Trainee: 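Take a look at the following structure, please.
Since we're looking at a predicted model, the values are computed, not measured.
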Amino acid sequence: MNICGYKLSGVHVAQVHAASHHGSLYNRSFIESFEETPMLVAVLTYMGYGILTIFGYLRDFLRHWKIERCHIAREKEEQKDFVPLYQDFENFYTRNLYMRIRDNWNRPICSVPGAKVDLMERSSRDYNWTFEYTGRVVHDVINLGSYNYLGFAENTGPCADSAAEVTIKYGVGVASTRQEIGNLDRHEEMEKLVAKFLGVESAMAFGMGFATNSMNIPALAGKGCLILSDELNHASLVLGARLSGSTIRVFKHNNMQSLEKLLREAIVHGQPRTHRPWKKILIVVEGIYSMEGSVVRLPEVIALKKRYRAYLYLDEAHSIGALGSRGRGVVDYFGLDPCDVDVMMGTFTKSFGAAGGYIAGKRELIEYLRSHSHSAVYATSMSPPVVEQIITSMKCIMGEDGTTIGLKRVRQLAENTVYFRKRLREMGFIIYGNMDSPVVPMMLYMPAKIGAFGREMLKRNIGVVVVGFPATPIIESRARFCISAAHTKDMLDRALSVISEVGDLLQLKYSRHRIQPSLARPFDNNVYEDIDD
Amino acid sequence: GRLLVRCPAPGQWVLVEMVQAFYEAPAYHLILEGILILWIIRLLFSKTYKLHETYKLTEKEKEDLIEEWQPEPLVPPVSKDHPSLNYDVVTGPPSHKIIINGKECINFASFNFLGLLDNERVKEKALVSLKKYGVGTCGPRGFYGTFDVHLELESRLAKFMKTEEAIIYSYGFATIASAIPAYSKRGDIIFVDEAACFSIQKGLQASRSFIKYFKHNDMEDLERLLKEQELEDQKNPRKARVTRKFIVVEGLYINTADICPLPELVKLKYKYKVRIFLEESMSFGVLGEHGRGVTEHFGVNMDDIDLISANMENAVASIGGFCCGRSFVIDHQRLSGQGYCFSASLPPMLAAAAIEALNIMEEDPDIFTVLREKCKHVYKALQGTPGLKLVGVPFAPALHLQMERSSGSRDSDLHLLRSVVDYCLERQVALTLARYLEKEERFLPPPSIRVVVTIEQTEENIQKAVSCIKAAASTLLK
């Protein structure tokens with residue numbers, strides 16, 4: 001398999017020569033792009049951070065000498081001679097950079113987190129150290145921040161009604177663990193439904209998506225095992241891998257050559273120093289990476305996994321319900337067999353409007369987890385109305401409730417995604433990620449623009465999410481839009497025009513190759529763009 | 001003497017002058033140069049020293065190794081009659097009268113201490129919240145997942161516990177497991193009781209700090225460890241100045257149903273300058289005049305405890321957990337508590353249910369006294385069960401019944417206890433075995449039956465349960 005790469009004005013394009021080998025793996029187009037940071041922008045961004053750091057030191061100095069009023073909470077008098085709980089340098093970034101633009105996060109809302117949301121107005125008189133609520137509510141803010149891919153965050157309709165019935169009948173809490181007396185019949189029904197939805201033998205559900213990863217990876221891998229994890233995996237996967245006690249090796253983001261190299265090295269050389277063979281190798285990847293908007297190269301990963309006899313753990317937190325012609329996730333998107341993925345994990349928070357996570361796979365796997373998972377033994381089982389919401393929304397997506405609402409929403413999401421991404425590209429913004437991913441990161445780069453973008457959008461009644469360091473590399477701060485099936489074309493158009501306006505105001509249209517709206521790009525099965533080092 | 005240098009013509013060094021320089025050089029200079037030359041010669045001729053063998057494998061050898069390697073199966077097979085494989089199925093609400101495996105029983109197994117699981121007011125409030133907000137929050141706290149209900153619940157909890165601030169988590173297990181690693185990092189030292197629950201153990205593991213276990217409730221053992229640490233600190237004061245030290249204890253221990261000696265711990269805290277983290281899942285809403293937990297029970301000032309963490313899944317009968325304490329301590333978790341930042345927030349209807357539960361707790365502090373009376377009653381009644389011993393303090397609502405004399409193997413003990421539980425289920429008393437992960441627990445508690453006292457159990461219920469257990473024990477544990 002030959003890969004040649006060449007640079008085309010800042011965008012890396014790779015072309016695969018062994019067309020048949022790759023052509024048979026992918027039966028759909030796979031187009032991702034990560035445009036390189038323009039040099040001038042990178043320099044200005046570093047300068048920006050440098051100036052902020054200098055000012056940070058200056059402010060710390062003034063605070064230390066009591067010239068400036070200090071708002072930071074202080075340790076109790078009696079405990080002043082204890083070892084300090086926090087080191088000063090650990091909180092430098094929080095005190096001096098995060099505090100200044102803190103009003104862009106933790107914005108409280110007071111309505112359903114649907115396509116439009118009501119925000120509680122906050123104001124600060126001391127530069128974001130403390131907030132007061134004015135009591136006013138900002139109505140109908142277009143919500144581009146909540147993970148509401150299929151629009152199931154609603155307080156009316158069949159899902160809400162059945163959840164209401166269950167609340168009255170069962171109550172809200174369970175007060176016991178799955179293995180003791182907290183295993184309700186509704187839990188078992190939900191798990192059967194999840195298994196049917198994904199097309200696997202059985203499934204098991206847990207109360208928190210984060211805990212699903214951090215508590216079950218240790219049950220699957222232990223000492224003497226190897227975990228190969230993607231560079232940009234979520235904190236829950238990293239924590240689960242660390243708690244398991246296995247050796248962890250990281251491969252470059254979505255880079256199959258890096259993964260293959262690690263696999264070969266691992267099998268040939270065995271465990272470090274003793275050279276004993278590894279007990280098992282677990283590859284941990286995500287369906288959609290939420291900070292990059294990229295989709296995992298699943299056909300290639302499965303081919304590698306089969307060749308080298310490794311096991312695959314696929315975290316579909318963002319992709320379940322959001323990708324695929326039937327909404328069954330990234331496996332459906334590529335048209336692959338769900339039995340090829342050893343452990344399918346996902347969450348119910350994003351596309352199903354509920355809470356919790358699941359793991360699905362072969363019957364032996366789930367039986368093992370039922371008896372050995374930390375969550376089944378020590379954690380309270382899921383709340384009944386939440387379980388009901390999952391059952392109803394899943395039936396809706398599968399079409400088992402007798403309507404085509406689910407299918408329509410899946411299609412609407414796909415259309416919205418393609419439209420939104422196309423228009424943003426045309427306007428000249430740098431957008432990362434796969435063409436079909438409903439998570440759209442738009443690059444901002446400079447630290448000042450993070451705060452400015454969030455505030456300007458809110459002034460114009462659009463709520464967006466901005467992210468900076470440490471969730472992203474330091475110069476690659478971005479705004480992240482989450483498209484929903486509940487967004488109508490009018491809402492998207494209004495959002496787009498506002499984004500364009502703010503983009504011009506803040507000079508955000510960095511892209512060096514604006515696509516002309518009328519140009520139809522030929523989609524070739526074997527061409528895919530990605531960044532590779 | 002210094003060398004006299006007469007500048008020769010460039011490129012012209014007369015041999016005689018060189019030899020002269022050699023003779024006139026100082027002795028130390030010559031000796032040093034001689035040693036250096038000898039060293040270089042030695043290095044040139046010594047054996048080459050490789051750090052590790054870097055043998056080069058041929059491509060074919062590599063392919064062979066790859067072909068031959070067989071991994072273990074992903075999960076080991078679980079036998080069909082593994083005790084934890086077949087769950088008891090509950091149909092209908094898990095409240096006082098619980099339908100388990102098709103039979104209606106009186107519930108002595110759920111942690112529903114204040115009977116709020118099927119309280120009408122709580123359900124009403126949850127319903128109102130559902131009609132306003134829907135079910136899920138669709139985002140973490142940082143990204144439009146903060147609802148006014150969450151803020152209200154946090155301020156109500158802070159007010160109830162009389163602390164400055166509170167922070168809520170969406171999963172009870174994750175509360176203390178995220179709180180500990182947020183403060184204690186690699187190199188810090190944590191002193192933990194041996195009977196600490198599993199979520200504390202996971203928090204300790206995630207923190208990568210040095211863990212020192214002291215014997216359960218043994219203050220002398222703890223003091224010994226603290227003294228040892230003090231001596232270590234005196235040897236290396238620079239390191240000691242940046243090493244944080246914590247004590248993690250539970251209010252009412254879930255594994256042994258007894259109480260921690262909090263006043264002594266506070267004395268040790270100020271004597272040895274360690275911070276206290278208190279886990280109050282079983283004692284919140286149970287102990288104390290107003291249900292504030294073990295600090296109120298002992299009359300200890302809340303400010304002396306650095307962090308109190310509890311889950312809202314026992315007395316409060318909702319889902320989730322919270323930490324409360326001074327703002328200085330709690331605010332840090334908003335950016336570094338992993339279970340808070342990287343996870344979706346608590347569904348608003350569950351937060352509304354918790355607020356209503358708090359309302360009920362505040363309106364009627366008598367329920368705590370009633371609960372404690374019932375606990376004492378059950379404790380007394382279960383004394384003298386043939387073959388089983390009761391473990392716990394009289395006012396603990398979740399007691400353990402362990403085998404008085406172990407049969408030698410844990411499996412057969414579990415089997416016997418399970419038969420007792422089955423006997424009681426037949427006679428409509430719902431009990432459960434206390435479940436543990438045998439291979440993962442650091443100090444595995446002995447097998448036991450969990451007996452939970454709730455405020456909804458009547459005198460009759462308690463009589464029936466106690467006589468049932470005693471009959472089961474005498475019949476099956478001969």
Trainee: If you round to the nearest 0.5 Å, how far is OG of A:Ser214 from CD of B:Gln338?
Mentor: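 One gets 8.5 Å once the value is rounded to the nearest 0.5 Å.
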Trainee: Please state whether the side chain, the backbone, both or neither of A:Ser111 comes within less than 4.5 Å of a heavy atom of chain B.
Mentor: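 Backbone of A:Ser111 only, per the 4.5 Å heavy-atom cut-off to chain B.
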Trainee: Which bit of A:Phe152 is near chain B, if near means a heavy-atom gap under 4.5 Å: side chain, backbone, both or neither?
Mentor: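 For A:Phe152, neither part sits under 4.5 Å from chain B.
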Trainee: To the nearest 0.5 Å, tell me how far A:Asn183 CG sits from B:Ile100 CD1.
Mentor: 9.5 Å
Trainee: Please answer whether the main-chain N or O of B:Trp69 pairs with a side-chain N or O of A:Trp278 as donor and acceptor at a distance below 3.5 Å.
Mentor: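 Such a contact is absent between A:Trp278 side chain and B:Trp69 backbone.
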Trainee: Any chance you could lay out the side-chain contact (heavy atoms from CB on, under 4.5 Å) test for B:Asp88 and A:Ile181, step after step, and finish with the verdict?
Mentor: CA-CA 7 Å; B:Asp88 294 319; A:Ile181 205 170; 5.7 Å; no
Trainee: How long is the span from the CD atom in A:Glu165 to the CG atom in B:Leu127, to the nearest 0.5 Å?
Mentor: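 Between atom CD of A:Glu165 and atom CG of B:Leu127 there are 10.5 Å.
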Trainee: Hey, which of A:Gln87, A:Glu154, A:Glu364 has the most heavy atom pairs under 4.5 Å with chain B?
Mentor: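 Maximum pair count with chain B is reached by A:Gln87.
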Trainee: Of all heavy-atom pairs between B:Gly134 and A:Asn155, which one has the smallest distance, and what is that distance?
Mentor: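 Smallest heavy-atom distance, with atoms named: N-CB, 3.7 Å.
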Trainee: Atom CG in A:Leu119, atom OG1 in B:Thr146: separation rounded to 0.5 Å?
Mentor: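 Going from CG on A:Leu119 over to OG1 on B:Thr146, the span is 10.5 Å.
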Trainee: Grab the two heavy atoms, one from A:Val172 and one from B:Ala353, that are nearest each other, plus how far apart they are.
Mentor: CG1-CB, 4.0 Å
Trainee: Determine whether a donor-acceptor pair (N or O, by modelled atom type, separation under 3.5 Å) exists between the side chain of B:Glu72 and the backbone of A:Lys279.
Mentor: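 Not a single qualifying donor-acceptor pair exists.
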Trainee: Hey, which of A:Val467, A:Val464, A:Asn104, A:Val466 has the most heavy atom pairs under 4.5 Å with chain B?
Mentor: A:Val464
Trainee: Identify the heavy atoms of B:Ile66 and A:Ile267 that sit nearest to each other, and give their distance.
Mentor: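 So the two residues come closest at CA-CG2, 3.8 Å.
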Trainee: Of all heavy-atom pairs between B:Leu117 and A:Ala175, which one has the smallest distance, and what is that distance?
Mentor: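 Answer, listing the atom of B:Leu117 first, then A:Ala175: CD1-CB, 4.1 Å.
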Trainee: By a 4.5 Å heavy-atom criterion (distance strictly below it), what part of A:His234 contacts chain B: side chain, backbone, both, or neither?
Mentor: side chain
Trainee: Using heavy-atom distances under 4.5 Å, tell me whether A:Pro84 contacts chain B through its side chain, its backbone, both, or neither.
Mentor: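 Both parts, heavy atoms under 4.5 Å.
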Trainee: Which atom names give the shortest non-hydrogen contact between A:Gln79 and B:Asp303, and what distance separates them?
Mentor: OE1-O, 4.4 Å
Trainee: Can the ring centroids of A:Phe210 and B:Tyr340 be said to lie less than 6.0 angstrom from one another?
Mentor: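 A:Phe210 vs B:Tyr340: aromatic centres not under 6.0 Å.
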Trainee: Can you see which heavy atom on A:Pro113 is nearest to which on B:Gly136, and at what distance?
Mentor: CG-O, 3.9 Å
Trainee: Using a cut-off of under 4.5 Å on heavy-atom pairs, state which of B:Ser110, B:Ala434, B:Gly145 scores highest against chain A.
Mentor: B:Ser110
Trainee: Can you tell which of B:Tyr87, B:Phe246, B:Tyr133 has the highest number of heavy-atom pairs within less than 4.5 Å of chain A?
Mentor: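 Looking at each option in turn, the highest pair count goes to B:Tyr87.
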Trainee: Which bit of A:Ser381 comes within less than 4.5 Å of chain B, counting heavy atoms only: side chain, backbone, both or neither?
Mentor: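 Interface part for A:Ser381: backbone (N, CA, C, O).
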Trainee: Tell me, side chain or backbone of A:Met208 under 4.5 Å from chain B's heavy atoms, or both, or neither?
Mentor: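 Both backbone and side chain.
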Trainee: side-chain contact (heavy atoms from CB on, under 4.5 Å), that's the test. Do A:Leu239 and B:Phe342 meet it? Break it down for me.
Mentor: CA-CA 11 Å; A:Leu239 182 62; B:Phe342 295 111; over 6 Å; no
Trainee: At a 4.5 Å cut-off on heavy atoms, which part of A:Arg363 comes close to chain B: side chain, backbone, both, or neither?
Mentor: side chain
Trainee: Who among A:Tyr170, A:Phe82, A:Tyr133, A:Trp105 has the most heavy-atom pairs with chain B under 4.5 Å?
Mentor: A:Phe82
Trainee: Quick one: does any side-chain atom of B:Arg435 pair with a main-chain N or O of A:Glu180 as donor and acceptor, under 3.5 Å?
Mentor: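 Judged by distance alone, no pair lies under 3.5 Å.
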Trainee: Can you tell me which portion of A:Tyr368 sits under 4.5 Å from chain B's heavy atoms? Options are side chain, backbone, both or neither.
Mentor: both
Trainee: Just by modelled atom types, is the B:Pro71 backbone N or O under 3.5 Å from a matching donor or acceptor in the A:Arg309 side chain?
Mentor: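 No, the answer is negative, given that no donor and acceptor are paired below the 3.5 Å cut-off.
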Trainee: Show the numbers, then the answer: is there a side-chain contact (heavy atoms from CB on, under 4.5 Å) between B:Leu350 and A:Ser383?
Mentor: CA-CA 9 Å; B:Leu350 302 174; A:Ser383 165; 3.5 Å; yes
Trainee: Please classify the contact of A:Thr156 with chain B as side chain, backbone, both or neither, using a heavy-atom distance under 4.5 Å.
Mentor: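 For A:Thr156, no heavy atom lies under 4.5 Å from chain B.
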Trainee: Identify which part of A:Ala163 has an atom lying under 4.5 Å from any heavy atom of chain B, answering side chain, backbone, both or neither.
Mentor: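 When you check distances to chain B, atoms from both the backbone and side chain of A:Ala163 fall under 4.5 Å.
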Trainee: In plain terms, say whether A:Arg307 and B:Glu63 are close enough for a salt bridge, that is, a side-chain N and a carboxylate O under 4.0 Å apart.
Mentor: yes
Trainee: Using modelled atom types only, decide if a donor and an acceptor are shared between the side chain of A:Lys280 and the backbone of B:Leu74 within a distance under 3.5 Å.
Mentor: yes
Trainee: Most heavy-atom pairs under 4.5 angstrom with chain B, which of A:Lys350, A:Lys169, A:Arg178, A:Glu188?
Mentor: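 Of A:Lys350, A:Lys169, A:Arg178, A:Glu188, A:Arg178 has the most heavy-atom pairs under 4.5 Å with chain B.
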Trainee: Checking heavy atoms, do the side chain of A:Gln179, its backbone, both or neither come under 4.5 Å from chain B?
Mentor: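 Both backbone and side chain.
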Trainee: So which of A:His372, A:Glu78, A:Arg480 has the largest heavy-atom pair count under 4.5 angstrom toward chain B?
Mentor: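 Heavy-atom pair counts peak at A:His372.
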Trainee: Which region of B:Val242, side chain (C-beta onward) or backbone (N, CA, C, O), has a non-hydrogen atom less than 4.5 Å from a non-hydrogen atom of chain A, or is it both or neither?
Mentor: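 Answer is both: backbone and side chain atoms of B:Val242 are under 4.5 Å from chain A.
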Trainee: Spell out, as yes or no, whether a donor-acceptor pair under 3.5 Å connects the side chain of B:Arg244 to the backbone of A:Val83.
Mentor: no
Trainee: Counting only heavy atoms not in B:Lys439 (residues, nucleotides, ligands), do more than 12 fall under 6.0 Å from its NZ?
Mentor: no
Trainee: How about NZ on B:Lys239, more than 12 heavy atoms from neighbouring residues, nucleotides or ligands closer than 6.0 Å, or not?
Mentor: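 No - once you tally the heavy atoms of other residues, nucleotides and ligands closer than 6.0 Å, there are 12 at most.
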Trainee: Charged N to carboxylate O under 4.0 angstrom, A:Glu265 versus B:Lys62?
Mentor: no
Trainee: Given the rule in the side-chain contact (heavy atoms from CB on, under 4.5 Å) test, do B:Leu335 and A:Tyr98 qualify, once you have shown the distances and angles that lead to the verdict?
Mentor: CA-CA 10 Å; B:Leu335 282 179; A:Tyr98 173 75; 3.7 Å; yes
Trainee: Using a distance-only test with no angle check, is there a side-chain donor-acceptor pair under 3.5 angstrom linking A:Ser375 and B:Tyr171?
Mentor: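 A pair is found: one side chain offers a donor N or O, the other an acceptor, under 3.5 Å apart.
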Trainee: Looking at A:Asp342, A:Leu220, A:Ile281, which one has more heavy-atom pairs under 4.5 Å with chain B than the rest?
Mentor: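 Of the options given, most contacts go to A:Ile281.
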Trainee: Tell me if a side-chain donor or acceptor on A:Tyr147 pairs with a main-chain N or O of B:Thr137 at a distance below 3.5 Å.
Mentor: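 Checking the backbone N and O of B:Thr137 against the side chain of A:Tyr147, no donor-acceptor pair under 3.5 Å is found.
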Trainee: Under 30°, 30 to 60°, or over 60°: which ring-plane class applies to B:Phe198 and A:Tyr378, parallel, tilted or perpendicular?
Mentor: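 Rings of B:Phe198 and A:Tyr378: parallel, as their planes differ by under 30°.
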Trainee: Could you grab the distance from atom CG of B:Leu130 to atom CD of A:Glu388, nearest 0.5 Å is fine?
Mentor: 11.0 Å
Trainee: With a 4.5 angstrom heavy-atom cut-off, which part of A:Val117 approaches chain B: side chain, backbone, both or neither?
Mentor: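 It is neither, since no heavy atom gets under 4.5 Å.
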Trainee: Hey, which of B:Arg275, B:Lys131, B:His332, B:Lys123 has the most heavy atom pairs under 4.5 Å with chain A?
Mentor: B:Arg275
Trainee: First locate atom CZ of B:Phe111, then atom OG1 of A:Thr380, and finally report the distance between them rounded to the nearest 0.5 Å.
Mentor: 8.5 Å
Trainee: Heavy-atom pairs under 4.5 Å with chain A are the metric here; pick the option from B:Glu164, B:Lys245, B:Glu61, B:Lys269 that has the most.
Mentor: B:Lys269
Trainee: Only pairs of heavy atoms separated by less than 4.5 Å count here; which of B:Asn314, B:Asn119, B:Asp306 has the most with chain A?
Mentor: B:Asp306
Trainee: Name the member of B:Asp118, B:Asn112, B:Val329, B:Ile98 that forms the most heavy-atom pairs with chain A at distances under 4.5 Å.
Mentor: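 Sorted descending by pairs with chain A, the first entry is B:Val329.
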